[in-house]
Amino acid sequence: MFDTLSDRLNTVFSRLRGRGALGEQDVRDAMREVRVALLEADVALPVARDFIARVTERAVGQEVLKSVTPGQQVIKIVNDELVAMLGGEEESAGEAPPLNLNVTPPAVVMMVGLQGSGKTTSTAKIAKLLKDKQGKKPLMASLDVNRPAAQEQLAVLGEQADVATLPIVPGQQPVEIAKRAMGAAKLQNYDVLLLDTAGRLHVDEALMAEMKAVAGAADPAEVLLVVDSLTGQDAVNVAQSFSGEVPLTGVVLTRMDGDARGGAALSMRAVTGKPIKFAGTGEKLEAIERFHPGRVADRILG
Ligand code: GDP
């Protein structure tokens, strides 16, 4: 992840660092190279354009160019703006729980996304994290009635994670399952209810209608969109479609362990306006991390 981008930026930076004085044209030339590097990393065009405009505006000022270390100053500005692009310092600071579960229990966490994005796995990973790290008592329920094996898959993951799953009642529809899950959670004192909704191969109207109906019935405290970082621009397009239809509160970026160029991670915040809350880093149930913009920026800038 980010390897090529990292190399490209470092080449530009070492050139900037190597010079005592910088003129406006030098900055503009460097930013042109950064722009190409971002686009090659599959960052969405408007996001890359805004980024370059912001960095350039800050970097061509007299204060920067007349300073003793103009190159360093420009690099610092790129770093700051990269952190902002990934979600901002406020989200990387502190260890506050990434999910807002301060509601009357059960706090409902609704997981949405396309089929194959890693939604079911992420549901179990987050449930396990809440149980092991935050002392929560989570219940999981699969609302995926399209794929016959989906509900069983969540039950298997629940056993592996030692997290309870709602018993399967054949023939029930998603909203009915959501209501039954809420009833069971209340009755049995589960404080978090994770709803793994149905995926589709593509975003379509039926899927969006179902997501809205479930959100309407379950009043979720968090709606997390799961996207596959390997799909780059497609992940960004999916995020755009979902964010217009369901009240997303955050994003889970999966397959961060894969060989992605990083464009999805870099574009997601700007496109959805929502933070990336977790990163999936492998197939195992422990392979999930909080997403820290500052740390990711450090990794990119080496
Ligand atoms: P769903 O259709 O969206 O529910 O997707 P699944 O949760 O079934 O995941 C599809 C496949 O991706 C499974 O084989 C998962 O083990 C795998 N997977 C999910 N998240 C990650 C991740 O972060 N990294 C890797 N390497 N594989 C993942």
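For the single chain, residues carry numbers from 1 onward in sequence order. When a ligand or atom number is given, it counts from 1 through the structure's own listing order.
- For the pair R32 and D29, the salt-bridge criterion is met [side-chain N within less than 4.0 Å of a carboxylate O].
- Regarding atom 14 (O) of ligand 1, its nearest protein heavy-atom neighbour is E283 OE1, 4.1 Å.
- At least one heavy atom of K125 lies less than 4.0 angstrom from ligand 1.
- Applying the salt bridge (charged side-chain N to carboxylate O under 4.0 Å, His left out) criterion to K131, with sequence neighbours excluded, gives no partner residue.
- G282 O, 3.5 Å is the protein heavy atom nearest to atom 21 (C) of ligand 1.
- Counting heavy atoms closer than 4.0 Å to ligand 1, residue T281 contributes backbone atoms (N, CA, C, O) but none from C-beta onward.
- With hydrogens left out, the protein atom closest to atom 24 (N) of ligand 1 is D257 OD1, 2.9 Å, a heavy atom.
- The backbone N or O of I52 lies less than 3.5 Å from a partner atom in the side chain of T56, making a donor-acceptor pair.
- Using a 4.0 angstrom heavy-atom cutoff, G199 does not count as in contact with ligand 1.
- Checked for salt-bridge contact, E24 and R28 meet the test: a charged N lies under 4.0 Å from a carboxylate O.
- Of the charged side-chain nitrogens involved, none lies within less than 4.0 Å of a carboxylate oxygen, so that R261 and E40 do not count as a salt-bridged pair.
- Within the 4.0 Å heavy-atom criterion, the part of L114 lying near ligand 1 is the backbone and not the side chain.
- Nearest to atom 8 (O) of ligand 1 by heavy atom, out of R147, K119, K284, Q153, is Q153.
- Of the protein's non-hydrogen atoms, R255 NH2, 4.0 Å is the one closest to atom 18 (N) of ligand 1.
- Here the shortest heavy-atom distance to atom 7 (O) of ligand 1, taken over L285, T254, L154, T121, belongs to T121.
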